[in-house]
Protein chains: 2
Amino acid sequence: MTTLRALECLVAVLDTGSVTKAAATLHLSQPALSHQLAGLEREIGTPLLERLPRGVRPTTAGRAVADEARAALAAAERVVTVGQAVAKGTEGHLRIACAASMTAGLLAPVLRTWHRRRPGIQLTLTELTSADALAGLVESGQADLAVGPRPTTWQATVDLIGTEELVAAMTPSHPLATTDSVSLADISQYRTIGYDPENGLHAWLTEVLAGHGVAFTPVMRTRQTTTAAELAAAGLGVALVPTTALPSGYTGTIRRLAPPLTRDIVALTPAAGDSAVRAFVNELTRRGLPIPKPIATRLAR
Amino acid sequence: MTTLRALECLVAVLDTGSVTKAAATLHLSQPALSHQLAGLEREIGTPLLERLPRGVRPTTAGRAVADEARAALAAAERVVTVGQAVAKGTEGHLRIACAASMTAGLLAPVLRTWHRRRPGIQLTLTELTSADALAGLVESGQADLAVGPRPTTWQATVDLIGTEELVAAMTPSHPLATTDSVSLADISQYRTIGYDPENGLHAWLTEVLAGHGVAFTPVMRTRQTTTAAELAAAGLGVALVPTTALPSGYTGTIRRLAPPLTRDIVALTPAAGDSAVRAFVNELTRRGLPIPKPIATRLAR
DNA sequence: CGTACTTACGGGCTTCGTAACGATC
DNA sequence: GATCGTTACGAAGCCCGTAAGTACG
């Protein structure tokens with residue numbers, strides 16, 4: 001195995017054209033440098049330098065390997081500088097996993113300012129539908145950070161970003177659309193839109209409903225929360241959807257539940273705290289979880 | 001200074017996901033590898049691996065430096081392989097210096113077959129007008145090989161490729177154009193085209209003429225031999241030009257000298273024999289120096 | 001005789017292996 | 001208790017510096 005030290009010596013000699021001068025610039029005794037060169041030539045099996053009465057000159061082989069030697073030295077140097085830059089937070093790669101409904105309202109503004117402030121950090125975003133899948137990505141190291149509902153089990157760090165409210169969505173002509181307050185028991189009297197078990201809401205909702213002694217009988221199931229809202233607007237039944245999942249121009253009628261139904265939106269991070277990850281989470285908690293304005297006004301009236 | 005060994009360890013650990021497995025593939029004890037990793041992390045100043053109960057996982061910094069580490073290892077590996085390839089003659093860079101008149105007739109065919117047979121070797125060709133300048137390039141290491149007339153002084157290897165004949169060139173209406181044999185004394189009676197001292201022919205010709213007890217009085221001088229031939233064809237005087245310098249469609253009249261005047265064309269190589277250089281010279285001597293066919297027929301009649 | 005590189009040899013540091021330890025499941 | 005990684009310590013090897021040697025002008 002060649003050593004970087006030997007390559008450094010070779011490059012210095014090629015640059016100065018003399019073993020003695022190179023030894024001086026490397027703060028090294030001249031025989032030591034000579035020994036390094038000999039070792040390198042022995043390893044390659046051919047002379048790299050032509051010894052002249054006055055200094056040395058590269059052979060064909062010496063000229064040919066010079067570029068590669070410089071490349072190796074530069075890459076090794078970058079290992080250190082890049083590593084330090086990542087530790088400092090000026091470079092790196094932040095892999096974020098999030099619930100699909102989080103992207104627009106919560107993450108988009110944070111990502112924008114983040115990228116403006118730290119352009120050296122590459123950002124990748126993966127959207128998932130299940131809170132447990134989010135946790136899995138972080139646990140397995142495939143993501144540095146997850147943003148979404150609180151998963152069923154999580155050992156490492158959890159930071160509360162905010163709460164999102166779940167509301168009843170339905171077609172405007174629905175009987176419940178005229179009442180001011182809607183309870184889970186009220187909804188159970190009508191057809192409902194359920195969630196596919198793959199979506200984390202499924203398990204969470206069944207648990208919540210069981211806690212209230214109620215059970216829904218969904219006419220159909222879907223994976224996406226926005227799809228559930230659309231189906232409800234189309235009159236297929238009543239859907240319980242997070243406010244963050246409602247598009248701003250939503251045509252259905254929405255009603256707040258009594259008592260209100262909310263769930264936490266949290267940031268999941270590995271126990272091993274990365275400075276960039278912590279900084280991003282701080283930014284998220286600082287901004288908090290906004291309720292989409294159009295939805296908020298329609299709920300307030 | 002980071003060491004390639006440490007980078008090799010890091011890459012192996014990242015590839016296998018386990019210190020123990022990596023140690024096995026590197027034929028290294030596991031504590032030794034662990035120590036290397038510790039040293040690398042100390043140098044960079046940040047952990048590169050996250051220690052898990054079951055194996056290890058790269059941190060953000062670890063992932064970021066992985067590419068650079070691989071690049072460094074690959075470059076160091078290439079230093080050896082490229083060096084060996086150059087020694088073997090399958091790769092490299094052959095810098096050829098030649099007299100301008102040699103390019104078309106002598107070098108072009110050799111270069112063509114050479115490049116077809118050894119495509120890994122990059123070829124560069126520098127054309128000069130002085131034989132001593134050719135020698136200087138080889139001596140100073142700026143060229144690996146020179147092809148041209150024998151220089152005045154040369155210590156290192158000289159290989160005879162062939163001889164080129166110098167002939168008298170003139171306009172067809174010139175008095176000497178009707179005679180069969182032309183001597184140097186005959187020419188000295190007429191106006192002649194001389195060479196600039198920069199062109200090696202100048203010194204050589206004055207020496208030859210002095211040897212014959214003759215002296216020319218050139219009406220003008222030029223650097224290029226082909227230019228001298230053209231000027232002669234245009235009627236400005238008689239020019240002594242190498243046959244290799246005559247274009248195939250030359251419009252002037254050419255006459256062989258009596259006695260014939262020839263000079264050696266040689267290959268100059270450094271004392272330090274490079275295998276590729278020697279092979280190229282062998283090819284040159286094997287092919288020899290062709291006399292351009294159209295010129296040969298016109299001289300033979 | 002001075003310059004420039006190589007070889008010879010001894011001291012010091014690094015690297016490696018065996019052994020003992022700590023943590024986690 | 002089994003697995004995985006770290007720490008401890010002694011031995012081997014490598015790197016470096018001083019000193020002597022060789023080649024060239």
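To find a chain, count down the sequence lines: A is the first, B the second, and so on, and within it residues start at 1. These numbers come from a predicted model, not from an experiment.
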Margin query: Within the 4.0 Å heavy-atom criterion, would you say G39(B) contacts the bases, only the backbone, or no part of the nucleic acid?
Written below: nothing
Notebook entry, point to check: Contact boundaries of DNA chain C with chain A (under 4.0 Å, heavy atoms), 5' to 3'?
Noted result: dT3(C) to dT7(C)
Checklist line | Short N-O contact, R78(A) and E91(A), less than 4.0 angstrom | finding: no
Next item on the list: Using a strict cut-off of less than 4.0 Å between a Lys/Arg side-chain nitrogen and an Asp/Glu carboxylate oxygen, indicate whether R278(B) and D159(B) qualify as a salt bridge.
Entry: no
Checklist line | H202(A) NE2: over 12 foreign heavy atoms closer than 6.0 Å | finding: yes
Next item on the list: Quick one, give me the B/S/- string for nucleotides 15-25 of chain D, reading 5' to 3', where B means a protein heavy atom under 4.0 Å from the base and S means that only happens at the primed atoms, P, OP1 or OP2.
Entry: SSBBB----SS
Next item on the list: Check whether any side-chain nitrogen or oxygen of T20(B) sits under 4.0 Å from OP1 or OP2 of dC4(D), and answer yes or no.
Entry: no
Check: Do any side-chain nitrogens or oxygens of R51(B) fall under 4.0 Å of OP1 or OP2 in dT6(D)?
Finding: yes
Check: Is there a salt bridge (charged side-chain N to carboxylate O under 4.0 Å, His left out) between E41(A) and R51(A) once you walk through the steps?
Finding: CA-CA 13 Å; E41(A) 291 182 330; R51(A) 275 71 172 180; 3.0 Å; yes
Check: Is S34(B) reaching over with its side chain to a backbone N or O of P31(B), donor-acceptor style, under 3.5 angstrom?
Finding: no
Notebook entry, point to check: Can any side-chain N or O of T59(A) pair as donor or acceptor with the backbone N or O of L48(A) at less than 3.5 Å?
Noted result: yes
Checklist line | Within residues 122-132 of chain A or reaching into it, pairs that qualify as salt bridge (charged side-chain N to carboxylate O under 4.0 Å, His left out) - sequence neighbours excluded | finding: none
Item checked: Option from L125(B), V110(B), T124(B) for which side chain to side chain contact (heavy atoms under 4.5 Å, CB included) with I96(B) holds -> L125(B)
